[in-house]
Engineer: 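Could you have a look at this structure, given as structure tokens, before my questions?
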Amino acid sequence: MTSTDLTDRIAVVTGAAHGIGAAVAAELTARGAKVVAVDLAPAVRAHREQGRVSAAVCGDVTDPATVRAALAAAEALGGPATVLVQAAYAGTPEPLDGQSEESWDRTVELVLSAARRFDRAFVQALATGRPPAAAIVHIASPHAFGAVPGFAAYAAAKAGLLALTRAAAVEWGPRGVRCNAVAPGFIPVERNRHVWTDPALGEAMLRASPLGRFGTAAEVARAVAFLASPESSFVNGACLPVDGGMTALLPEALLR
Ligand SMILES: NC(=O)c1ccc[n+]([C@@H]2O[C@H](COP(=O)([O-])OP(=O)(O)OC[C@H]3O[C@@H](n4cnc5c(N)ncnc54)[C@H](O)[C@@H]3O)[C@@H](O)[C@H]2O)c1
């Protein structure tokens with residue numbers, strides 16, 4: 001057994017039907033965890049039916065009933081869950097001066113407030129079970145560090161998610177719960193197909209990547225697995241960029 005082995009761990013992964021969340025669910029399963037996949041999209045059920053995860057909950061993570069169902073599914077697998085990965089996201093860019101209150105609130109609710117509620121319920125479920133050595137991993141974004149027009153709500157919510165990561169690390173660390181984040185660079189998924197299939201946009205994104213390529217969901221998933229595993233047992237409150245160096249680059253570098 002290696003220290004990134006997750007045998008017998010029970011993990012809840014949100015946003016697990018597609019993209020990065022699905023890759024995380026597959027990676028944790030491959031390392032021996034029993035994974036409860038949670039997603040709004042009914043496609044999440046296929047992951048269960050095809051044996052890629054141990055249980056599937058189809059629901060909206062902003063609904064407390066979904067959170068309860070996911071944690072109950074973890075209990076049914078022999079829980080409580082000791083790993084929680086939060087990757088759920090949906091939204092469209094909107095200019096700061098044109099965005100409705102409702103749209104702003106929807107993004108902040110999904111990315112930040114619902115994540116806080118899920119974290120809290122996860123920790124409360126641990127308290128009623130065996131003493132935990134538990135790990136939470138939030139999927140953050142480079143938008144937490146720098147601005148792109150149209151992404152104000154997303155950026156504010158992801159920056160808030162990093163603040164939540166640190167707060168949770170400090171408040172729950174004494175109880176054996178570590179909380180960290182990963183900030184993926186550009187990862188081609190179905191949701192952002194319009195970017196990577198657009199020659200001009202895709203080329204511009206590649207120029208901003210020191211490695212000269214996009215990342216893959218599997219590369220992000222391996223970083224998440226590290227933060228979920230005992231391999232990272234003294235890492236708490238950190239944000240690990242998995243971006244090929246994109247956030248290390250100053251715009252000046254693009255002129256040379
Ligand atoms: N792809 C990238 O380039 C990139 C870069 C940085 C950060 N991220 C972050 O990675 C995470 C995963 O995004 P992705 O790019 O894989 O997108 P994705 O669309 O492939 O996956 C997001 C998943 O979340 C689910 N979802 C949306 N709203 C939900 C809700 N209310 N309740 C439950 N599930 C819901 C969707 O159905 C989908 O399966 C997000 O947090 C995103 O902000 C992605």
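Atom set for the values below is all heavy atoms of this structure, side chains included, hydrogens, waters and symmetry mates excluded. Read the numbers this way: they start at 1 and go in the same order the structure lists the ligands and their atoms.
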Engineer: Side-chain donor-acceptor pair under 3.5 Å between Glu94 and Ser103, yes or no?
Structural biologist: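 Indeed, the side chains of Glu94 and Ser103 share at least one donor-acceptor pair under 3.5 Å.
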Engineer: With a cut-off of 4.0 Å, which atoms of ligand 1 are near a heavy atom of Gly19?
Structural biologist: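 Those atoms are 16 (O), 20 (O).
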Engineer: Would you call Arg166-Glu171 a salt bridge at under 4.0 Å N-O?
Structural biologist: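 Answer for the salt bridge query: no.
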Engineer: Return a yes/no value for Leu40: is any of its N or O atoms, backbone included, closer than 3.5 angstrom to an N or O of ligand 1?
Structural biologist: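 In this structure, Leu40 places an N or O atom under 3.5 Å from an N or O of ligand 1.
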Engineer: Salt bridge or not for Glu109 and Arg106, using N-O below 4.0 Å?
Structural biologist: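 Salt bridge absent between Glu109 and Arg106.
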Engineer: Judged by non-hydrogen atoms, does Ala43 sit under 4.0 Å from ligand 1?
Structural biologist: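 Flag not set, Ala43 not near ligand 1.
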Engineer: Only heavy atoms of Gly59, strictly under 4.0 Å: list the atoms of ligand 1 that pass.
Structural biologist: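 Near Gly59, meaning under 4.0 Å from one of its heavy atoms, ligand 1 has 32 (N), 33 (C).
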Engineer: So between Tyr154, Phe186, Phe214, whose heavy atom ends up nearest atom 8 (N) of ligand 1?
Structural biologist: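 Closest candidate by heavy-atom distance is Tyr154.
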Engineer: Counting only heavy atoms closer than 4.0 Å, does ligand 1 sit against the backbone of Ala16, its side chain, both, or neither?
Structural biologist: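 It is neither; nothing of Ala16 touches ligand 1.
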Engineer: Do me a favour and list the nearest non-hydrogen protein atom to atom 3 (O) of ligand 1 with residue, atom name and distance?
Structural biologist: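 Of the protein heavy atoms, Ile187 N, 2.8 Å lies nearest.
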Engineer: What protein heavy atom sits nearest atom 21 (O) of ligand 1, and how far off is it?
Structural biologist: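 Sorting protein heavy atoms by distance from atom 21 (O) of ligand 1 puts His18 O, 3.8 Å first.
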Engineer: Given Asp63, Val189, Asp39, Asp243, which has its nearest heavy atom closest to atom 38 (C) of ligand 1?
Structural biologist: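 Nearest option to atom 38 (C) of ligand 1, by heavy atoms: Asp39.
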Engineer: Which residue and atom name correspond to the protein heavy atom nearest atom 27 (C) of ligand 1, and how close is it?
Structural biologist: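 For atom 27 (C) of ligand 1, the nearest protein heavy atom comes out as Tyr89 O, 3.3 Å.
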Engineer: Within a distance under 4.0 Å of any heavy atom of Lys158, pick out the atoms of ligand 1 and give their elements.
Structural biologist: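 The list of qualifying atoms is 40 (C), 41 (O), 42 (C), 43 (O).
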Engineer: If two hydrophobic side chains count as joined below 4.5 Å and joins carry through other members, does Phe118 share a cluster with Val123?
Structural biologist: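 Yes; Val123 is reachable from Phe118 via cluster members.
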Engineer: Can you find an N or O of Pro142 that's nearer than 3.5 Å to an N or O of ligand 1?
Structural biologist: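 N/O-N/O distance below 3.5 Å does not exist for this pair.
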Engineer: Could you check which of Gly15, Ala41, Ala87 puts a non-hydrogen atom nearest to atom 11 (C) of ligand 1?
Structural biologist: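 That would be Ala87.
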Engineer: Does one hydrophobic cluster hold both Val83 and Leu240, with members joined at side-chain heavy-atom distances below 4.5 Å?
Structural biologist: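 Val83 clusters together with Leu240.
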Engineer: Is it the side chain, the backbone, both or neither of Val44 that has a heavy atom closer than 4.0 Å to ligand 1?
Structural biologist: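 The answer is neither.
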Engineer: With atoms numbered from 1 as shown, which atoms in ligand 1 lie under 4.0 angstrom from a non-hydrogen atom of Asn192?
Structural biologist: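 By the 4.0 Å cutoff, the relevant atoms are 1 (N), 2 (C), 3 (O).
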Engineer: Looking only at protein heavy atoms, identify the closest one to atom 5 (C) of ligand 1 and say how far it is in Å.
Structural biologist: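 Its nearest protein heavy-atom neighbour is Gly185 O, 3.3 Å.
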Engineer: Which bit of Leu110 is near ligand 1, meaning a heavy atom under 4.0 Å away: side chain, backbone, both or neither?
Structural biologist: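 Under 4.0 Å from ligand 1, Leu110 contributes side-chain atoms alone.
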Engineer: Among protein heavy atoms, which sits nearest to atom 13 (O) of ligand 1, and what does the distance come to when rounded to 0.1 Å?
Structural biologist: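 Of the protein heavy atoms, Arg191 NH2, 3.7 Å lies nearest.
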Engineer: Quiz question: by atom type and distance under 3.5 Å, do the side chains of Asp39 and His47 form a donor-acceptor pair?
Structural biologist: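 No pair is found: no donor N or O on one side chain lies under 3.5 Å from an acceptor on the other.
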Engineer: Tell me: protein heavy atom nearest atom 6 (C) of ligand 1, and distance?
Structural biologist: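 The closest one turns out to be Pro184 O, 3.2 Å.
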Engineer: Non-hydrogen atoms of Ala140 versus ligand 1: any pair closer than 4.0 Å?
Structural biologist: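 In this structure, Ala140 qualifies as a contact of ligand 1 - some heavy atom is under 4.0 Å.
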Engineer: Determine the minimum heavy-atom distance between Met246 and Gly185, stating which atoms define it.
Structural biologist: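 Looking at all heavy atoms of both residues, the closest pair is CE-CA, 4.3 Å.
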